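Heads up: the structure comes next, in structure tokens.
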Amino acid sequence: MSNRYAIVLAAGKGTRMKSKLYKVLHPVLGKPMVQHVVDQLNGLDLASITTVVGFGAEKVQEQLGQTSEFVIQEEQLGTGHAVQQADKYLANKKGTTIVVCGDTPLLTKDTIQAVLNHHEQERAAVTILTANAEEPAGYGRIVRNANNQVSKIVEQKDATEEQKAIQEINTGTYCFDNEWLFEALKKVSNDNAQGEYYLPDVIEIAQEEGRKVAAYQTDNFEETIGVNDRVALSQAEILMKKRINEQHMRNGVTLIDPTNTYIGTEVTIGSDVVIEPGCVLKGNTTIEDEAVIGPNSEVNDCHIGANTVLRHSVATSSYIGQRVQIGPFAHIRPDVSIGDDVKIGNFVEIKKSKIDNKSKVPHLSYIGDAEIGSGVNIGCGAITVNYDGKNKFKTTIEDDAFIGCNANLIAPVTIGKGALIAAGSTINQDVPGDALSIGRAKQVNKEQYAKKYK
């Protein structure tokens with residue numbers, strides 16, 4: 001088993017977010033920030049992950065589930081105090097511990113792995129993840145000595161003019177010799193303006209003890225950004241979107257306008273798929289080869305088959321087969337299963353229904369709680385009347401049936417194989433296979449009545 005451990009700092013309330021939602025649960029590309037961090041850590045060979053929670057602890061634990069152990073920081077007494085809460089799991093264990101913040105959603109497992117490797121190669125007590133910032137204002141500066149070794153970290157407010165010109169900054173991610181870390185934390189003082197125990201103070205303790213302090217500089221400053229307010233949240237969203245979109249394009253997906261395409265982190269897309277401008281793809285969505293999505297479509301938790309085209313439409317939690325034509329302006333609601341070579345046309349709403357191969361619902365229809373066979377044609381304006389005000393009922397339309405325009409199929413009802421439903425009919429009884437069913441009032445013409453009425 002690995003002797004590497006991780007601590008995720010996720011106890012801060014995040015008052016600058018001005019939100020009722022706990023800071024690390026704010027989403028970036030549809031996934032909470034802390035989940036991004038823990039997912040990256042879970043991609044490494046770690047013995048354990050311990051998340052330090054405070055305000056909103058239950059919601060964070062619910063979000064992360066079994067992917068992490070948890071400790072609670074009852075009082076917010078600083079980052080050093082937060083790490084110290086993990087001693088019940090980690091104290092006295094040999095190995096390396098990496099400490100990351102739960103509000104750094106852009107940090108990748110590759111960078112974390114590189115820091116761990118560098119720390120162990122250097123045999124350091126502490127290794128700091130640093131980055132080069134073109135505008136370092138607000139960050140702690142990394143001060144190096146003549147041998148290019150880290151001598152100290154100077155906060156912005158304490159820096160001289162010469163030190164303020166340094167562009168290498170502290171990202172807030174650290175590697176430690178685990179046993180030494182928890183011994184050093186006992187020596188950290190809260191004798192400062194905030195009365196808090198700061199994790200970076202252990203660096204000075206290491207130097208006083210003659211232990212090695214190392215630094216690993218990543219070449220990607222953007223990856224290290226911490227999110228403390230809504231402005232930074234929007235910046236992280238933009239950067240994450242760019243990263244994900246570029247990955248898909250390099251894997252053979254055409255994004256007509258990447259800046260106006262939103263693809264979630266769990267979305268899987270095949271080759272030669274075309275995503276047109278304005279699309280939002282979220283959740284556990286899979287899009288197979290050569291499909292076309294867009295423009296201005298929203299797809300969430302769906303499977304979309306090869307060569308399917310979906311335009312100006314919304315699809316949620318459904319299975320859509322191959323060579324399906326959807327839209328424009330269709331709404332595929334949850335629990336829908338659509339077979340191959342099906343047409344779902346403009347202003348059609350489908351809910352909790354199964355539609356088999358080669359059937360058509362071309363326009364202006366509502367299909368709810370229905371099972372439709374293959375080769376069925378649903379005429380314009382036809383609907384399944386599935387709700388009586390208290391309960392939902394099922395409509396079954398068997399293979400090769402033809403439903404005329406503006407027909408109302410009042411569930412529960414079964415339309416047999418090959419049956420015809422006359423336009424304008426209201427059907428509330430089963431129709432045998434190959435039958436013609438007409439359910440409409442007799443037409444009466446009253447001559448000259450309109451003239452008299454006017």
Side-chain angles (χ1 to χ4, degrees), residues 312-321 324-339 341-454:
H312 293 287
S313 296
V314 176
T316 305
S317 301
S318 294
Y319 178 93
I320 299 167
V324 176
Q325 298 285 322
I326 296 179
F329 312 115
H331 187 185
I332 311 301
R333 290 170 57 186
D335 300 319
V336 170
S337 177
I338 297 174
D341 302 295
V342 170
K343 178 177 175 60
I344 305 296
N346 49 297
F347 300 103
V348 171
E349 181 178 351
I350 312 288
K351 172 255 180 186
K352 200 176 182 180
S353 296
K354 179 181 179 182
I355 302 176
D356 213 340
N357 300 342
K358 299 183 179 180
S359 289
K360 298 179 181 180
V361 190
H363 31 222
L364 300 166
S365 290
Y366 170 73
I367 305 298
D369 298 287
E371 185 168 337
I372 298 174
S374 63
V376 172
N377 188 87
I378 307 291
C380 177
I383 67 169
T384 61
V385 184
N386 60 328
Y387 183 50
D388 67 359
K390 291 184 179 179
N391 300 298
K392 301 287 180 70
F393 297 97
K394 182 179 178 180
T395 297
T396 300
I397 305 173
E398 296 180 354
D399 297 352
D400 301 316
F402 184 96
I403 311 300
C405 294
N406 292 311
N408 299 308
L409 307 181
I410 301 178
V413 67
T414 296
I415 311 301
K417 182 177 179 180
L420 302 178
I421 305 300
S425 294
T426 295
I427 304 299
N428 61 4
Q429 297 180 35
D430 291 351
V431 178
D434 295 319
L436 168 63
S437 183
I438 305 172
R440 57 194 183 203
K442 181 180 179 181
Q443 182 172 328
V444 177
N445 294 335
K446 295 185 178 182
E447 295 193 16
Q448 301 299 313
Y449 183 85
K451 185 176 180 181
K452 179 181 177 181
Y453 177 80
K454 293 175 181 177

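Being a predicted model, the structure only gives us computed values, none of them experimental. Along the sequence shown, residues carry numbers from 1.
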Residues which pass ring-ring contact (aromatic ring centres under 6.0 Å, His included) with F347, listed by chain and number, not counting sequence neighbours: F329
Please report the interatomic distance [atom1]([X]) to [atom2]([Y]), rounded to the nearest 0.5 Å.
X: N346; Y: I326; atom1: CG; atom2: CD1; result: 13.0 Å
X: I378; Y: I372; atom1: CD1; atom2: CD1; result: 4.5 Å
X: K452; Y: K446; atom1: NZ; atom2: NZ; result: 9.5 Å
X: K351; Y: I367; atom1: NZ; atom2: CD1; result: 12.0 Å
X: T384; Y: K394; atom1: OG1; atom2: NZ; result: 12.0 Å
X: I344; Y: I332; atom1: CD1; atom2: CD1; result: 5.5 Å

Under 3.5 Å donor-acceptor pairs involving side-chain atoms of residues 355-363, not counting sequence neighbours:
unit_1, atom_1, unit_2, atom_2, d
N357, OD1, D340, N, 2.8
S359, OG, G373, O, 2.5
S359, OG, G375, N, 3.2
S359, OG, V376, N, 3.0

Just list the side-chain donor-acceptor pairs under 3.5 Å for residues 400-421, sequence neighbours left out, or say none.
unit_1, atom_1, unit_2, atom_2, d
N408, ND2, T426, OG1, 3.4

For [X] and [Y], indicate whether the former's side chain and the latter's backbone hold a donor-acceptor pair under 3.5 Å.
X: S337; Y: K354; value: no
X: S317; Y: P334; value: no
X: S313; Y: P328; value: no

[X] versus [Y], closest heavy-atom pair with distance:
X: C380; Y: S365; value: C-OG, 4.5 Å
X: G345; Y: A330; value: O-CB, 3.6 Å
X: D369; Y: F393; value: CB-O, 3.5 Å

Return the set of residues passing side chain to side chain donor-acceptor pair (under 3.5 Å) with [X] (not counting sequence neighbours), or none when no residue passes.
X: Y366; answer: N386
X: E349; answer: R333
X: Q443; answer: N445

